[in-house]
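Because only heavy atoms are used, hydrogens play no part in the values below, and waters and symmetry mates are left out as well, while side chains stay in. Chain letters run A, B, ... following the sequence lines, proteins first and then strands; every chain starts at 1. It should be emphasised that the depicted structure is a prediction, and the values quoted were computed from it without experimental measurement.
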Number of protein chains: 2
Amino acid sequence: MAEQKRARTLPLRKTQPRQRSRPVVDLNVLNDRLGYFVRRLQVWVFQDFVRRLSPIDISPAQFSVLVVIDANRGLSQAELATTLAIERARLVRLLNHLERRGLTQRLPSSGDRRRHALQLTRDGQAILARAKALAEDHEAALRQKLSAERYQVLLELLQEF
Amino acid sequence: MAEQKRARTLPLRKTQPRQRSRPVVDLNVLNDRLGYFVRRLQVWVFQDFVRRLSPIDISPAQFSVLVVIDANRGLSQAELATTLAIERARLVRLLNHLERRGLTQRLPSSGDRRRHALQLTRDGQAILARAKALAEDHEAALRQKLSAERYQVLLELLQEF
DNA sequence: TATTGTTATACTCTATAACTATA
DNA sequence: TATAGTTATAGAGTATAACAATA
């Protein structure tokens, strides 16, 4: 994806009638749309995360799945899907992929024979440990990009959401 | 998507000792990841936007394209793509779609024969007017969901980003 | 009847590469 | 050589519907 230069506050042109506060391209109502800026941030976050975890080839969705399985060993696919707002059907393929890589397992659930009890393999736990370290680097980069204060305020606001 | 109540640092509840404040499923490190919550919010925003603009069948990306073309008549596809962080290749298909619906036009650019000068048709302007009204409803819904104060703080923080 | 996991389909989006016509 | 627009392709992600096994 293309680099996103906001131009909005970029001091690129030397002489611009109304100073360089005027954007090169007018965003019009988008300038007052929270949804627009949330998407821009989300795109940045996603790309930085993917780049940093590329050595172990773990996507944001895969990371969240590994984290939640590890913290809730034996939970079902339906519970996992609901928790992470992933479609049940999509989760099936995601788990197939992780299982093929030898990171997760579907064990028979005691009691309800419809369910699978999910858990990580040893390899899965090892990958998760590396993933968590890299994800912390990513989070640190995000904190630096936003400034520590803004990061903190944002995190607290969004946690309540 | 599932409703997400975070409960973690909310000063909203008066007394919440150790009751059902504990989530059914443990999110582990995800609880401290800004990126995770940004995605949750982004998903909510996207779905609400799509639902509200479904009567005129305009997606968030299409909306942003119409807005920026209208506010910058004659700009090129490359400029538009860079501004909105859309891939050049993706923008081609997006504009093909809007053009087939009779909402946008690619006119010859004076001077550089490689470029197209983009502009809205009359129908495009009419649709954009309706889209802006519906998008304002969406924004109002978002403001209510977050509370007016949180909405304002978030908007100001993210605008600087 | 409802739920769990699964398969299938269609559509959108992202990420690339390569091509053409201009500059 | 570089840029603007285009085509093509592969892989994710989203949204549905339907099915078998089980509750």
Side-chain angles (χ1 to χ4, degrees), chain A residues 1-4 39-40 42-51 53-54 57-65 69 74-101 104-118, chain B residues 1-2 39-40 42-51 53-54 57-65 69 74-101 104-118:
Chain A
M1 156 164 294
E3 272 292 293
Q4 52 235 32
R39 179 189 164 253
R40 301 296 295 229
Q42 208 271 329
V43 168
W44 187 93
V45 163
F46 193 88
Q47 289 182 341
D48 186 78
F49 190 99
V50 168
R51 191 172 56 78
L53 275 80
S54 61
D57 194 26
I58 295 291
S59 72
Q62 290 168 342
F63 177 69
S64 64
V65 162
I69 291 178
L75 90 168
S76 70
Q77 295 182 197
E79 288 165 340
L80 179 56
T82 299
T83 300
L84 293 176
I86 299 174
E87 286 294 320
R88 252 156 65 246
R90 158 102 191 104
L91 183 59
V92 170
R93 278 167 300 166
L94 210 159
L95 287 174
N96 288 347
H97 185 68
L98 292 174
E99 212 168 284
R100 257 182 271 122
R101 284 182 64 181
T104 59
Q105 288 179 305
R106 286 182 252 220
L107 303 181
S109 180
S110 56
D112 192 332
R113 302 217 315 268
R114 292 172 305 182
R115 313 169 113 228
H116 293 158
L118 301 172
Chain B
M1 151 162 300
R39 177 188 164 254
R40 301 296 296 229
Q42 209 271 329
V43 168
W44 186 93
V45 163
F46 193 89
Q47 289 183 341
D48 186 77
F49 190 100
V50 168
R51 192 171 55 77
L53 275 80
S54 62
D57 194 27
I58 295 292
S59 73
Q62 291 168 343
F63 177 69
S64 65
V65 162
I69 291 178
L75 90 168
S76 71
Q77 294 182 198
E79 288 165 340
L80 180 56
T82 300
T83 300
L84 293 176
I86 299 175
E87 285 296 320
R88 253 154 66 247
R90 160 102 191 103
L91 182 58
V92 170
R93 278 168 300 166
L94 211 158
L95 287 174
N96 287 346
H97 185 67
L98 292 175
E99 213 168 281
R100 258 183 270 120
R101 283 183 64 181
T104 59
Q105 287 177 305
R106 285 181 252 219
L107 302 182
S109 181
S110 55
D112 193 332
R113 303 220 311 270
R114 292 173 304 183
R115 312 169 113 226
H116 293 158
L118 301 173

- Message: On DNA chain D, compare the nucleotides closest to A:E87 and A:F46; which residue's is nearer the 5' end?
- Response: A:F46

- A:Q62 vs D:dA12: side-chain N/O to OP1/OP2 distance below 4.0 Å: no

- Item | Derivation of the side chain to side chain contact (heavy atoms under 4.5 Å, CB included) call for A:R115 and A:L107 | CA-CA 9 Å; A:R115 313 169 113 228; A:L107 303 181; over 6 Å; no

- Message: Holding to side chain to side chain contact (heavy atoms under 4.5 Å, CB included), I want the full list of residues that pass it with A:T104, two or more places apart in sequence or in another chain.
- Response: A:L66, A:I69, A:L95, A:L98, A:E99, A:L120

- Message: Without decimals, in angstroms, what is the distance between B:R40 CZ and D:dT14 P?
- Response: 11 Å

- Note on the structure: Separation of C:dG5 atom P from A:L94 atom CG, nearest Å, is 14 Å

- Message: Please report the distance, rounded to the nearest Å, between CZ in A:R93 and C1' in C:dT7.
- Response: 9 Å

Got a list of protein N/O to nucleotides 2-6 of chain D N/O distances below 3.5 Å?
unit_1, atom_1, unit_2, atom_2, d
D:dT3, O2, B:R114, NH1, 2.7
D:dG5, OP1, B:Q77, N, 3.1
D:dG5, OP1, B:H116, N, 3.0
D:dG5, OP2, B:Q77, N, 3.2
D:dG5, OP2, B:A78, N, 2.6
D:dG5, N7, B:R88, NH2, 3.2
D:dG5, O6, B:R88, NH2, 3.3
D:dT6, OP1, B:R106, NH1, 3.2
D:dT6, OP2, B:Q77, OE1, 3.1
D:dT6, OP2, B:Q77, NE2, 2.8
D:dT6, OP2, B:R106, NH1, 2.6

- Spacing between B:F49 atom CZ and C:dT12 atom P, to the nearest angstrom: 16 Å

- Item | For atom CZ of B:R51 and atom P of D:dT16, their distance in whole Å | 12 Å

- Task: May I ask you to decide if A:E79's main-chain N or O and A:T82's side chain share a donor-acceptor pair within less than 3.5 Å?
- Result: no

- Checking A:Q62 side chain against A:S59 main chain: does a donor-acceptor pair fall under 3.5 Å? yes

- Message: Can you measure B:W44 atom CH2 to D:dT14 atom P for me and round it to whole angstrom units?
- Response: 17 Å

- Distance, rounded to the nearest Å, where B:L91 contributes CG and C:dA15 contributes P: 15 Å

- Quick one: ring pair (Phe, Tyr, Trp, His ring centres under 6.0 Å) partners of B:F49, sequence neighbours excluded? B:F63, B:H138

- Closest non-hydrogen atoms of B:R106 and B:V92, given as atom of the first, atom of the second and distance, are NH2-O, 4.0 Å

- Item | A:I86 CD1 - D:dA12 P separation (whole Å) | 14 Å

